[in-house]
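Down below is the structure, laid out as structure tokens.
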Amino acid sequence: MRANTSSPRLGIETRSFRESSADGAPPPAPLNMPDQPLHGAAEPRRFTPIPGLGRRRAALAAFCALSTGAAVFAVATAMGRDGLAPLEVLHVGLILVLFGWMAFSFAASLGGLWLSWQDWTWERATAELAPARLTTRTALLAPIYHEDCGPFFARLATTRASLHAQGLTPFFDIIVLSDSRHAEVLADERRGFAALQASGAGPRVYYRHRPENTDRKAGNVADWVRQHGGAYDHMVVFDADSLMEGRTLWRLAAAMERDPSLGLIQTAPAIIGRRTLFGRVEQFANNLYGPLAAWGVAWWSGADGNYWGHNAILRVAAFAQAGGLPHLKGRKPFGGHILSHDFVEAAFLRRAGWGVRLLPDLGGSFEESPPTLIDHLIRDRRWCQGNLQHLGVLGGRGLHPISRLHLARGVLSYALSPLWIALVVTGALLSTPDADGAGYPLAGAAVLAVSLAFVLIPKLISYGLMLQQGEARRFGGAWRALAGVGVETLVSTLLAPVIMAVHTRALLAVALGRDSGWSAQQRGEGQLSWRAALSFHGPEMAIGAALGLLGPALGAGLSPWLAAVSACLCASPLLARWTASLSQGRALREAGLLLTPGETGRRRHLGASSLRPVTSETANAWPTSRPAVAEAFNTLIPTINVPTAAAPAQTA
């Protein structure tokens, strides 16, 4: 869908860059976007099949089947010399599901490693080819709902300046899509928007507020497509914490122009700007292990990929054709509008024949993460409800099998938590001297060792890739990076039982019909009080105490694994407070641990000689109280170094 002088849409496109209403809203450019039925016929694919993709998936399935079968056989044989008791059958069934999940992730990592070494792939070619001159126009959609305006508009200003430095001003618009409800918040947003307009040269910016925030973010974006989407060929959807470089956006738009069969290209955002211990652990893991994981997803999904809801480019015509979401039958939390809309939108795009792809190593795509464990778990509560809604989508007719797999994995990512707890409990009961199956402890230990290898080996592979690519200095040096892997593994191990318990609690809440509601995500970093930690994690402490008493109450003793889980749960408020500490995060940074490329130097894909993008860490240091939005924003301008003269159009 390229713009040309004979197109009847040219007048709308030109108007979208030269006219706006008095309050900064974009001009109307209606586009039909009907809601899609849950059950529909699959349309023929528009893209060329990827050579060898079927063999990749066959190899993945074979590895999962053989390794999981071997684990189940070993445990069942050790316990079942005189038949399997009901508890033993339950334990074997848990191993079947959980070991298979880990085997899948491990095999995908190995496949991703292989794919990352190939020079002929679409992923490599798209990330490395010089982007061509653009002939299309792209809207950058920035939804906002009760966010702190200072950092939000600062990130948009950084992206805007980066686009201008690349000579891309004529080809992009930035549109703020507000769903906020309170007058004070709206006034702050408009002040921030006015400061963004006055921040220097760059693409035009618009501000649009919806009177009714129907269907949350998905409804906001869909409503924009219906009212204004006809003026654009592509749209890039942001989250409130998104930051993207101009050269990255250029490559994405150019890739969509080169391949008209693509409906969506998802980037793999890197986490930046975190200062608490929890945030720095998440940031380190994302930056070091994330690329290999993303390559793994690209390896097995191909053009049948997924959408993560932000930092992705979509073809507007394709989204209008296929992205309208139905409401699910029934009452909340399972019914109503779809919370985790992104997975379903990707599935509908693929059902309509459009390619959905992931670019794992494009660079220049960033986001933040929740600063504390509790903030992370509050966000997970909402995601848990949204992913469980996908149970009502999985059976939709016409969906591609890989789209169903994406949806199923999203459900299992939360549904597995109670199964892990059950595995620990049943394993402890079966490991006692009085239990049947004398050979189980040895077989169970072997399966556990392989499971740990499935977790640790991808981390070590990621570390080796970092060394092989000469990136060690960007992570603080080879030895400090290796120590960072150890710190991250320790912290994530301590937090794993707590996260599983809270996920289990979330599952029960959804099953009981409790809706998560809609609240703004906490992004700022501050001190977590003991009162807040104890109040949130009271149920985890009770679960930990119950597990600690379970073994002795049954006369079975307490296995080391059950004891470790019980201790972590009982200490969950302490762990939440410790990992929320800014001082602990600062101490690790000063020691050179958990460093990431955003903290140690310029990134590879900056692409603008005079521009230094401001990271979220810098943004979080500005005063961001609501009365001082404009003043806070003004402190950004000198650090951006926005070109004052018009940049040449698309200089490479």
Side-chain angles (χ1 to χ4, degrees), residues 49-64 102-131 245 247-248 251-252 255 259 262 264-271 283-306 308 311-312 355-366 402 406 409 453-475 478 481-482 484-485 488 596-598 603-605 607:
I50 299 173
L53 183 59
R55 291 192 296 273
R56 298 181 201 173
R57 292 170 177 170
L60 175 62
F63 179 87
C64 292
M102 300 176 72
F104 185 102
S105 299
F106 176 73
S109 296
L110 297 183
L113 176 65
W114 173 84
L115 187 65
S116 70
W117 284 344
Q118 309 306 310
D119 296 328
W120 47 266
T121 63
W122 174 89
E123 292 84 2
R124 184 65 67 196
T126 304
E128 294 183 354
L129 283 178
E245 293 177 0
R247 193 168 182 83
T248 298
R251 290 184 186 277
L252 288 172
D259 189 346
L262 291 177
L264 184 150
I265 302 176
Q266 174 69 62
T267 67
I271 295 176
Q283 180 174 275
F284 179 83
N286 168 268
N287 279 264
L288 185 58
Y289 316 143
L292 180 63
W295 277 109
V297 174
W299 173 73
W300 62 263
S301 62
D304 312 313
N306 207 0
W308 302 334
N311 291 48
V356 178
R357 305 210 63 153
L358 168 64
L359 273 175
D361 194 30
L362 183 61
S365 177
F366 312 108
I402 298 301
H406 289 301
R409 284 179 59 81
F454 282 173
V455 173
L456 294 176
I457 289 176
K459 294 185 179 185
L460 296 178
I461 291 175
S462 297
Y463 175 79
L465 281 175
M466 178 266 296
L467 296 179
Q468 185 264 331
Q469 294 168 356
E471 298 285 305
R473 292 184 61 186
R474 298 159 63 82
F475 288 88
L482 184 60
V485 172
E488 181 278 328
T596 56
R603 295 180 177 268
R604 290 176 293 171
H605 302 289

For [X] against [Y], the heavy-atom pair lying closest together:
X: E123; Y: P360; result: CG-CD, 3.8 Å
X: L264; Y: Q266; result: CD2-N, 3.7 Å
X: L467; Y: A478; result: CD2-CB, 3.8 Å
X: A303; Y: I50; result: N-CD1, 3.5 Å
X: A481; Y: M466; result: CB-CE, 3.6 Å
X: G112; Y: L292; result: C-CD1, 4.2 Å

[atom2] on [Y] to [atom1] on [X], rounded to 0.5 Å:
X: L288; Y: R474; atom1: CG; atom2: CZ; answer: 12.0 Å
X: F454; Y: S109; atom1: CZ; atom2: OG; answer: 10.5 Å
X: E128; Y: L362; atom1: CD; atom2: CG; answer: 10.5 Å
X: T267; Y: W308; atom1: OG1; atom2: CH2; answer: 7.5 Å
X: N287; Y: T596; atom1: CG; atom2: OG1; answer: 5.0 Å
X: L359; Y: R124; atom1: CG; atom2: CZ; answer: 10.5 Å

Report yes if the side chains of [X] and [Y] come closer than 4.5 Å at any heavy-atom pair, otherwise no.
X: L115; Y: W300; result: no
X: L358; Y: N306; result: no
X: R251; Y: T126; result: no
X: R409; Y: S105; result: yes
X: L113; Y: W295; result: no
X: F475; Y: V485; result: no
X: I461; Y: L110; result: yes
X: L262; Y: R357; result: yes

Worksheet item: Relative to the ring of F63, is the ring of F106 parallel (under 30°), tilted (30 to 60°) or perpendicular (over 60°)?
Response: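 Aromatic pair F106/F63 classed tilted.
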
Worksheet item: So with a 6.0 Å cut-off around CH2 of W114, is the heavy-atom count from everything else above 12?
Response: yes

Under 3.5 Å: donor-acceptor pair, side chain of [X], backbone of [Y]:
X: D304; Y: I402; answer: no
X: Y289; Y: F284; answer: no
X: R57; Y: S301; answer: yes
X: N311; Y: F366; answer: yes

